[in-house]
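In what follows, a structure is listed as structure tokens, so that the remarks can point back to it.
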Amino acid sequence: MFKVLTSLLRQDKRFLFGFIVMVILLAGGALAGFSPHDPRLWSVVPRDLPPSSKYWLGTNSMGQDVFWQALWAIRNSLVMAVIAVVSSRIIAVAAGLLAGYRGGLIDRVLMTVTDSFVILPLLPILILITSIFKSRLSVTSLGILLGIFGWAWDARVIRSQVLSLREREFTYTAILSGMSTGRIIFREYMPFIFPLITATAMNNMLWAIGMEVTLAVLGLVSLEVPTLGTMIHWAVNSQAMLLGIWWWILTPVVLCVFIFLALYLLSLSINQFLDPRVRVQRLQEIKG
Amino acid sequence: MPFLKRYLLPRIVQYLVVIFIGGTLVFIIPRLMPVDPVQQTLQRITIQGAFLDPRAIEQIRETLLELYGLKGSLMEQYFALWHRLLRGDFGPSYVQFPTPVMTLIKISLPWTVGLLVTTTVLSWTVGNILGGIAAYYSHRRWAQLMENVAMVIRPIPYYIIALALLLLLAYAVPIFPVTGGFSIGRSFVLSWGLVLDILKHAFLPALSLAIVGTATWFMTMRLLVSNLLAEDYIVYAQIAGVQDGEILYNYAIRNAMLPQVTGLTLSLGQIFGGALITETVFSYPGLGTLLYSSINSGDYNLMMGITLLSVVAIATGVLIMDLIYPFLDPRIRYE
């Protein structure tokens, strides 16, 4: 695992960039705990000050320090995304393994449900749900909600991998030598499935953060909790741009762009790393 | 006929399952809501009007229950919902009572369809052609430049691109109007002026959609074609001296088209959800704006109507696609 990481870091500039950005953002999110102000409180600092040595990213019209607010936003958005990713991974892996390994009727029923979730227009449905819970939707519950709806495509990917693994020699050897189904799946299949889980997790994280921004911009999440989406929401709704308070709106927007770019590059690079054709090429390069 | 049974039947079952899940979700979700829509409406009436006879209130209550489809047991309500939906009746809007939801949707639909069909088809065509070319000549400087631009644009949330365009081309350099689908107070008599006015207002939203759409199609097409280029038949064609253009269009792009056609149907189906963000950012009078205002006013019937319409539209789009797929892909036809 560590070896893979170092070789990816050394060989792929896109991975290096994505990795560095994510490490910086994670560190920033961790620093949010040292914030001198409660992020929910208003009027803790003077209003509408431009960036200075005291307030690194200025202050906003609600009397909050944009720098610390942004750190909290990163932290909350990442926590939300990680919850969404973990819960959707659990559903996707369970559905994918079950459908792929058992086959038959279970496979057909599960895949029909999966396909339905792939086809269903998620944004209107999520809007319908969030508009009911509105301000009571915490970071955790939003994460779980996005997890419940964001698993379908990845379940399909995992299923097709399991389908091909099931037909390989080593599966038969394992079954014939009396290995239990659980052990086959966890000892023999996981090394193949785990990279898939990582690659799809990046994409899913991207999707979850983007969805949160969309829902927050529409005012459909708890607006007191600072996330990237609610920061944009407040800045836009307070006419930050017209008033010339560019540091307020630009901070979350720039952060968003960096997170998205980083995650996208990471997923591209991991996917390429997993592509068997590229693997063969790489081996040949090492040999030659 | 094996084709009918093995290919067609599962697709039709899938179609029905999608609509069933969508309809059931739409049925369950509002019933988790803590506020009672009937109580809400009654409150609104009593706030507006003066005193009402208790018996009159009771009568209004009964009528409202029936209108909102909240009469009887849960099971009865559930069947009543399907009965109404199959007739294409989504009930009245709560906020703009008694206007049926269907009427409101019909007013907004042409705006959205006009904007989104044009931009989707346009960006699909441009993105695919450019993506194919960029993959084929991937070592040239300009191809790499195009790829880098697309790679930066694609992951940025659409909302931010729309906002940036609005800031740049409507506030900073005011070439285009800031909001709306047409100038306020313009009469709807068909004339060149009206057409130009509508086009001018649609330009910025269209541009933002086209930029993002083109970048997305570009990236997927580039990936598809660059995977195909390693195939034996293309290498063979190159060795045999077939011209580059011929290989690119007839050998590579044509074979990479199938998944892209599927993608096109899916995104055309998405149209009926309205380009929510586009329309809210640019205040464009389409389905998205309608959905947004229904969110703000808590108009659940309207939200449900739009959601269900988009479920049905997408499912139908996918079904139609599946039905014409055998004509595009000979492998399915002869299976």
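Protein chains get the first letters and strands the later ones, always in sequence-line order, with residue 1 at the start of each.
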**Close side-chain approach of B/Ile314 and A/Leu120, heavy atoms under 4.5 Å** = no
**Item:** Minimum side-chain heavy-atom gap A/Ile127-B/Leu276 below 4.5 Å
**Value:** yes
**Asked** Taking everything shown except A/Phe258 itself, do over 12 heavy atoms lie less than 6.0 Å from its CZ?
**Response** no
**Asked** If you take all heavy atoms of A/Met111 and B/Gln14, which pair is closest and at what distance?
**Response** O-OE1, 4.4 Å
**Prompt:** For the residue pair B/Val152 and A/Leu261, what are the closest heavy atoms and their distance?
**Reply:** CA-CD1, 4.0 Å
**Message:** Which atoms of A/Leu265 are under 4.5 Å from chain B, going by heavy atoms: the side chain, the backbone, both sets, or neither?
**Reply:** side chain
**Message:** Quick check on side-chain contact (heavy atoms from CB on, under 4.5 Å): which of B/Val17, B/Leu16, B/Ile21, B/Val18 does A/Thr112 satisfy it with?
**Reply:** B/Val17
**Message:** Is any side-chain heavy atom of A/Pro121 closer than 4.5 Å to one of B/Thr307?
**Reply:** no
**Message:** Does any backbone or side-chain atom of A/Ile249 lie under 4.5 Å from a heavy atom of chain B? Answer side chain, backbone, both or neither.
**Reply:** side chain
**Message:** To the nearest 0.5 Å, what is the distance between OH on B/Tyr15 and CG on A/Asp115?
**Reply:** 16.0 Å
**Message:** So for atom CZ, which belongs to B/Phe20, do other residues, nucleotides or ligands contribute more than 12 heavy atoms lying within a distance under 6.0 Å?
**Reply:** no
**Message:** Heavy-atom cut-off 4.5 Å, strictly under: side chain, backbone, both or neither for A/Leu263 against chain B?
**Reply:** neither
**Message:** Would you say that more than 12 heavy atoms from the other residues, nucleotides or ligands in this model lie under 6.0 Å from the CG of B/Asp232, or not?
**Reply:** no
**Prompt:** Once you round to the nearest 0.5 Å, how far does CD1 of B/Ile153 lie from CZ of A/Phe260?
**Reply:** 15.0 Å
**Asked** Rounded to the nearest 0.5 Å, how far does OG of B/Ser310 lie from CG of A/Leu123?
**Response** 9.0 Å
**Fill in**
Counting heavy-atom pairs under 4.5 Å with chain B, the top scorer among A/Thr214, A/Val213, A/Val257, A/Val217 is A/Val217
**Request:** Kindly compute the distance separating CG (A/Leu128) from CD1 (B/Ile28), expressed to the nearest 0.5 Å.
**Result:** 11.5 Å
